[in-house]
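Computation of the quantities below employed the complete heavy-atom set of this structure, encompassing side-chain atoms and omitting hydrogens, waters and symmetry-equivalent molecules.
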Amino acid sequence: MTVIDPDTQTGWVDTTEPGSGAADETEEMPLSLRLSIADTLTLGNATCGFMAVYFTTTGILIPHLVGSGESGMARHSAATAVILMLCAAVFDLFDGLVARKLRSSPMGAELDNLSDLISFGLAPAYFVLVYGMVADDAHQKVSAVAAIVVLLAVVLRLARFSCVTMKDGMFQGMPSPFGALTVVSIVLLELPFIPTLLAIIGAAWLMVSRVEYPKPRGKLAVAMLSWIVGAMGLLAAWAFDAPGGQLLLQTGCALQIVLAATIPLFATARRVNTFRDNRREARASAQLP
């Protein structure tokens, strides 16, 4: 029902009357705001990322600033922070699978990008920043620059993912969860400062590069999940100072870095072979009468 205001001579719609446009719009609004199961997993991803920042602050940074010198507490907190990032990666893996099997709300893509920014952008960048403050041979200001590079690389990576359409089954640039785990592995490997810094910048570059990475589907998703679970076990053994725990952790971190370095090589070799095959086909076609 439309009512005319005698003072302004303008009309307004009675939203209480059934069938009015405003009432229908109000009724439709909650539908777009309902969270699906996939969205709930995505929020779990964001929660893990925030808690990783929390444990990095309370267990590593604050004890260092107050001079408590409790190395065991720092080790437990560092392991907990990284395990939370791994849990975020598990949530990120499953929310995509659930969204494809069931459904996702209209907010799904935006929620996924925002959660990834927290868990795989802010959390690892903050981990690098704190490393620069607590490590003996690190330089705080340089580490802060490296942390900003990591954060901006993830921001650009996620923004490009939303704008660029890739062929099915492939990512352009290192996926942010894989990149975050690589950055954290570089820090945990406890290399000298300069090699650590260069490796972190290299991982950030791979995230914004055009190197193609396969999406974790099917057997690859199972392999990735198994790798994450194994990494959690290595971190737990290191945190509780199990026999050989330090060596096991360093081995796992080294394998993570090797994977990050070799996948681009395979992708580059595949592109070169494809280019050569196309040239051969073009030459063969040109020679035909």
Side-chain angles (χ1 to χ4, degrees), residues 40-92 111 114-155 176-177 179-191 193 196-197 200 203-204 228-242 245-246 248-250 252-253 256:
T40 304
L41 294 174
T42 304
L43 293 178
N45 172 5
T47 302
C48 289
F50 174 78
M51 293 305 296
V53 173
Y54 169 79
F55 278 100
T56 303
T57 302
T58 58
I60 303 176
L61 180 59
I62 292 179
H64 173 76
L65 294 177
V66 300
S68 64
E70 297 180 10
S71 59
M73 178 180 178
R75 176 179 293 190
H76 291 164
S77 298
T80 303
V82 179
I83 287 175
L84 284 166
M85 293 184 211
L86 290 168
C87 290
V90 173
F91 279 119
D92 185 63
L111 284 175
L114 292 172
S115 298
D116 287 354
L117 179 59
I118 296 172
S119 299
F120 312 124
L122 176 61
Y126 187 70
F127 199 82
V128 171
L129 179 64
V130 173
Y131 153 76
M133 299 177 69
V134 303
D136 295 333
D137 63 338
H139 300 278
Q140 182 176 338
K141 294 182 179 179
V142 180
S143 299
V145 173
I148 292 173
V149 169
V150 171
L151 179 63
L152 293 182
V154 175
V155 170
S176 52
L181 298 180
T182 301
V183 168
V184 171
S185 297
I186 293 169
V187 174
L188 292 177
L189 201 54
E190 297 182 355
L191 298 172
F193 178 71
T196 298
L197 180 67
I200 289 173
I228 291 174
V229 173
M232 290 181 180
L234 294 178
L235 285 163
W238 173 68
F240 291 100
D241 202 16
Q246 180 73 24
L248 288 174
L249 179 70
Q250 291 179 343
C253 292
Q256 175 72 31

Student: Which pair of heavy atoms, one from P124 and one from V184, lies closest together, and at what distance?
Tutor: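 P124 and V184 have their closest heavy atoms at CB-CG2, 4.2 Å.
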Student: For the atom pair CD1 (I60) and CZ (R75), what is the distance rounded to the nearest 0.5 Å?
Tutor: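 Between atom CD1 of I60 and atom CZ of R75 there are 12.0 Å.
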Student: Taking side chain to side chain contact (heavy atoms under 4.5 Å, CB included) as the test, write out the residues that go with Q256, two or more places apart.
Tutor: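 Applying side chain to side chain contact (heavy atoms under 4.5 Å, CB included) to Q256 gives F178, L181, T182, S185, W227.
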Student: Between F127 and V183, does the side chain to side chain contact (heavy atoms under 4.5 Å, CB included) criterion hold? Intermediate values first, please.
Tutor: CA-CA 9 Å; F127 199 82; V183 168; over 6 Å; no
Student: Minimum heavy-atom separation for G49 and A123, please, with both atom names.
Tutor: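 So the two residues come closest at O-CB, 3.9 Å.
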Student: What's the spacing between L235 CG and L188 CG if we round to 0.5 Å?
Tutor: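 Going from CG on L235 over to CG on L188, the span is 6.5 Å.
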Student: What is the minimum heavy-atom distance between V128 and A146, and which atoms define it?
Tutor: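 Reported closest heavy-atom pair: CG1-CB, 4.3 Å.
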Student: Got a sec, which residues hit side chain to side chain contact (heavy atoms under 4.5 Å, CB included) with A88, two or more places apart in sequence or on another chain?
Tutor: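 Applying side chain to side chain contact (heavy atoms under 4.5 Å, CB included) to A88 gives N45, C48, S119, F120.
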Student: Working to the nearest 0.5 Å, report the span between CD of Q250 and CG of L191.
Tutor: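 If I round to the nearest 0.5 Å, the distance is 8.5 Å.
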Student: Which pairs pass side-chain hydrogen bond (donor to acceptor under 3.5 Å, both in side chains) with one or both residues in residues 121-141, sequence neighbours excluded?
Tutor: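 side-chain hydrogen bond (donor to acceptor under 3.5 Å, both in side chains) check on residues 121-141 returns T57-Y126.
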Student: Testing V150, V53, L117 one by one against L122 for a side-chain contact (heavy atoms from CB on, under 4.5 Å), which residue passes?
Tutor: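 Exactly one candidate clears the test, V53.
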Student: Could you check whether any side-chain heavy atom of M85 comes within less than 4.5 Å of a side-chain heavy atom of M51, counting everything from C-beta outward?
Tutor: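 Not in contact.
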Student: Under the rule for ring-ring contact (aromatic ring centres under 6.0 Å, His included), what residues qualify as partners of F240, not counting sequence neighbours?
Tutor: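 Partners of F240 under the ring-ring contact (aromatic ring centres under 6.0 Å, His included) test: H76.
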Student: Please name the pair of heavy atoms, one in S77 and one in G59, separated by the smallest distance, quoted to 0.1 Å.
Tutor: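 S77 and G59 have their closest heavy atoms at OG-CA, 3.0 Å.
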Student: Please tell me if the side chains of V90 and L86 come closer than 4.5 Å, counting only heavy atoms from C-beta onward.
Tutor: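 The answer is no, as the side chains (C-beta and beyond) never meet within the 4.5 Å cut-off.
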Student: Does atom CZ of F193 have more than 12 heavy-atom neighbours, drawn from other residues, nucleotides or ligands, at distances under 6.0 Å?
Tutor: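 Check passes, neighbour count above 12.
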Student: T40: which residues meet the side-chain hydrogen bond (donor to acceptor under 3.5 Å, both in side chains) condition with it, sequence neighbours left out?
Tutor: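 For T40, no residue satisfies side-chain hydrogen bond (donor to acceptor under 3.5 Å, both in side chains) once neighbours in sequence are set aside.
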Student: Report the residues that fulfil side chain to side chain contact (heavy atoms under 4.5 Å, CB included) with T42, sequence neighbours left out, ordered by chain and then residue number.
Tutor: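 So T42 forms a side chain to side chain contact (heavy atoms under 4.5 Å, CB included) with D95, L111, D112, S115.
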Student: Test C87 against M232 for side chain to side chain contact (heavy atoms under 4.5 Å, CB included), laying out the working first.
Tutor: CA-CA 9 Å; C87 290; M232 290 181 180; 3.6 Å; yes
Student: Check the pair I200, V149 against side chain to side chain contact (heavy atoms under 4.5 Å, CB included), reporting the backbone distance first and the verdict last.
Tutor: CA-CA 9 Å; I200 289 173; V149 169; over 6 Å; no
Student: First locate atom CD1 of I186, then atom SG of C253, and finally report the distance between them rounded to the nearest 0.5 Å.
Tutor: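 That separation rounds to 9.5 Å.
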Student: What do the steps show when you test T80 against T56 for side chain to side chain contact (heavy atoms under 4.5 Å, CB included), and what is the final call?
Tutor: CA-CA 8 Å; T80 303; T56 303; over 6 Å; no
Student: Are the side chains of L248 and W238 in contact, using a 4.5 Å heavy-atom criterion?
Tutor: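 A side-chain contact is absent here, since even the closest heavy-atom pair is not under 4.5 Å.
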